[in-house]
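Notes follow the structure.
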Amino acid sequence: MGLTIAQKIIKAHLVSGEMIAGTEIALKIDQTLTQDATGTMAYLEFETMGVDRVRTEKSVAYIDHNTLQSGFENADDHRYIQSVCRKHGIYFSRPGNGICHQVHLERFGKPGKTLIGSDSHTPTGGGIGMLAMGAGGLDVAVAMGGGAYHITCPKMYKVNLTGTLRPYVTAKDISLEILRILSVKGGVGAIIEWGGEGIKNLSVPQRATITNMGTELGATTSIFPSDEVTRAFLEAEGRGEDYTPLASDPDALYDKIIDIDLNTLEPLIACPHSPDNVVTVASLKGTKVDQVCIGSCTNSSLTDLMTVAALLKGKTIDPSVSLSISPGSKQVLTMLSECGALTDILASGARVLECACGPCIGMGFSPNSAGVSLRTFNRNFEGRSGTADAKVYLVSPETAVAAALTGYITDPTTLPYEYPNITMPQAFRIDDSAVLAPADPDEAKELEVLRGPNIKPFPDAFPQEDTLSAPLILKVGDNITTDHIMPAGSKILPYRSNIPHLSQYCFGVCDKTFPERAKAAGKGIIVGGSNYGQGSSREHAALVPLYLGIRCVIAKSFARIHIANLINAGIMPLTFADPADYDTLEQDHELELSDIYAGMDSGNIVMKNKTTGKEITLCCDFTDRQKAILKAGSLLKYTALN
Ligand code: MIC
Ligand code: SF4
């Protein structure tokens, strides 16, 4: 039987397990990346493992999230990460050099290799045929130490593209279309391979927009073949030698096949507050817009921003709209500047921000009260922009410009301007001076790691006991994101290495009393709906509840990275045997789970609701390794024991 692209890479990296969907496999990891908001914790975890030098082919630390530096915290964390990198063999991409996924694609990604990153949008690397996956910081730390990455072997989905995109219809619209078809849960447990003759006309930056946003489907990752388009990109980056061709076998089997006809695709828009809440731009025509933000790891490539500049050239934005543009990397910004496109952008009235995540993670540029903000980003979760009642819509750069120019949601295909068909350059401008190499091993031994006062110890691990008696502290609904559990934004993000401080904001979007109530109870259980923990890879969404005493989360279903983070932190994730039992549970019910060890082996744990007297069967599907992690109390403890 033939293999899919992902299966070929999995086969070449399989350390243990068999390539059977739904079973646990362990993969050798070639490359890792971290960003600063998750990186500080990941490097603290790496340090406790006592490994001198990373054992990957390449590990890179990026500073791109926490760049506001409104106090000493960010700068201290950057200095900590820089010093850890120099000592332990990790490349360090300085603040200002760009967003991790954009820079990694430009300078380091390689077809056929495995990459894990402590950021959920690591699948961006699938745009050049890498098997690139988001992971919790601890999993990345283990991979840096040479350990394998454990995942559930995914199912294989294929999306076939036919036809060609019409002017003003873009790769972002393809991403929104697949979200419309599959929803934010539709990719859970699957890898999505993109193919069909329609991909021939998609450049690597366009492909990377699609694999980046595949994260919002809940997919393990998304991947394109490595073909002549990939070769052209790598050659333009001066890395032709990194090219290897990669394609699926003609008789490869897929669990699902979806066809999308590019000829008939229209500009699309995701409405508040979910990336799969997709309608046509035309259907919202005339909605007043207050703010437009262009950038993020989804849409900040040179081709995206050259298109934006060409559309803005010689025009000024509507006076009622505030427009920000954040280039994805120093390479993008430098090239925009050298060809004069930056001048066109500035002349239009746009505000040019740093090459960083910026508004995407609520680091500045929050909308006005109840403001309508059109963003080229990948997430529009409630409150993420920093303005609680803002209405954030996700769009392509073309639709963003149309709104900035007119002040209203406007279908860009109706603009009276010829479409600027910008193609990728033959050669990018290469300057790696903002990537600092690590010290050589002899010098490294003498180097000191520099720690600031914002770095606080991790919460204690709690080995799973055979009985758990605890109250239900919080009950939430479907599709709870890690932005609900552990919000980010400019006030909170600087404290990613300070769990006690972060804990005051836990679940603030859902219930501001949660931290106080959880702490007072000392031990607690959370109940959630389906797809609990979707979104970010932040392990803080497990570590902070752990600090507040949460020992178990019971949900209808979980998102992939978050369930791994819960287990790594020693919090037991369980599902309902009968989802209707969710309705019988209420906040403050006293719950008791007994014979947990036997239940972990049989797959069923019985929970008694001591308040109502009802018995509820809960399910788990833990591997032996996961059981051992929970019994040890955390992956760190388990790693220390083995
Ligand atoms: C995000 O887009 O939500 C983030 C911020 O990049 C996160 C990482 C984090 O929370 O630090 C992600 O996607 O994993
Ligand atoms: Fe940064 Fe936004 Fe991309 Fe996350 S989604 S890595 S915050 S740009």
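Residue numbers run from 1 in the order of the sequence given. First listed ligand is number 1; within each ligand, the first listed atom is number 1.
- Ring geometry, F507 versus Y532: the interplanar angle falls from 30° to 60°, so the pair is classed tilted.
- Ring to ring, F428 and F233 are close: their centroids are under 6.0 angstrom apart.
- In terms of protein heavy atoms, atom 2 (O) of ligand 1 is closest to R384 NH2, 2.9 Å.
- Note on ligand 1: M486 sits outside its first shell, no heavy atom being nearer than 4.0 Å.
- For CZ of R94, the number of neighbouring non-hydrogen atoms (other residues, nucleotides, ligands) closer than 6.0 Å is 12 at most.
- Those atoms of ligand 1 with a heavy atom of I361 less than 4.0 angstrom away are 5 (C).
- For D478 and N531, the side-chain atoms include no donor-acceptor pair closer than 3.5 Å.
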Query - Trace of the side chain to side chain donor-acceptor pair (under 3.5 Å) decision for R379 with S120 - result: CA-CA 11 Å; R379 289 185 173 149; S120 67; 2.8 Å; yes
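- Just one of H104, H101, Q35 meets the side chain to side chain donor-acceptor pair (under 3.5 Å) condition when paired with Y62; it is H104.
- Here is the list of ligand 1 atoms found below 4.0 Å of a heavy atom in H65: 4 (C), 5 (C), 6 (O).
- Taking the six-membered ring where tryptophan is involved, the planes of F46 and Y43 are perpendicular, since the angle between them exceeds 60° and thus also 30°.
- Inside a sphere of radius 2.8 Å centred on atom 3 (Fe) of ligand 2, the protein N/O/S atoms present are C297 SG.
- Of all atoms in ligand 1, numbered sequentially from 1 with element shown, those under 4.0 Å from a heavy atom of A37 are 11 (O).
- Considering backbone and side-chain N/O of D119, one or more are found under 3.5 Å from N/O of ligand 1.
- Here the protein heavy atom with the shortest distance to atom 8 (C) of ligand 1 is Q35 NE2, 3.1 Å.
- The protein heavy atom nearest to atom 7 (C) of ligand 1 is S536 OG, 3.2 Å.
- No donor-acceptor contact under 3.5 angstrom links the side chains of E193 and Y157, judged on distance only.
- Annotation: atom 4 (Fe) of ligand 2 to nearest protein heavy atom, H65 NE2, 3.8 Å.
- In the vicinity of R496, heavy-atom distances shorter than 4.0 Å reach the ligand 1 atoms 9 (C), 10 (O), 11 (O).
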Report task. Go through the steps to decide whether D483 and R538 satisfy the test salt bridge (Lys or Arg N to Asp or Glu O under 4.0 Å), and finish with yes or no. Result -> CA-CA 9 Å; D483 278 279; R538 60 190 74 147; 3.2 Å; yes
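- A salt bridge does not link R180 to D276: none of the charged nitrogens lies less than 4.0 Å from a carboxylate oxygen.
- Remark: minimum distance from atom 10 (O) of ligand 1 to any protein heavy atom is reached at R538 NE, 2.6 Å.
- Partners of D389 by salt bridge (Lys or Arg N to Asp or Glu O under 4.0 Å), not counting sequence neighbours: none found.
- The atoms of ligand 1 that sit less than 4.0 Å from any heavy atom of S537 are 12 (C), 14 (O).
- From L68, atom CG reaches atom OG of S490 across 6.0 Å, with rounding to the nearest 0.5 Å.
- Nearest protein neighbour of atom 1 (C) of ligand 1, counting heavy atoms only, is R379 NH1, 3.2 Å.
- Note: H562 and F558 fail the aromatic proximity criterion, with ring centroids not under 6.0 Å apart.
- Of all atoms in ligand 1, numbered sequentially from 1 with element shown, those under 4.0 Å from a heavy atom of T38 are 9 (C), 11 (O).
- Here the protein heavy atom with the shortest distance to atom 13 (O) of ligand 1 is S120 OG, 2.6 Å.
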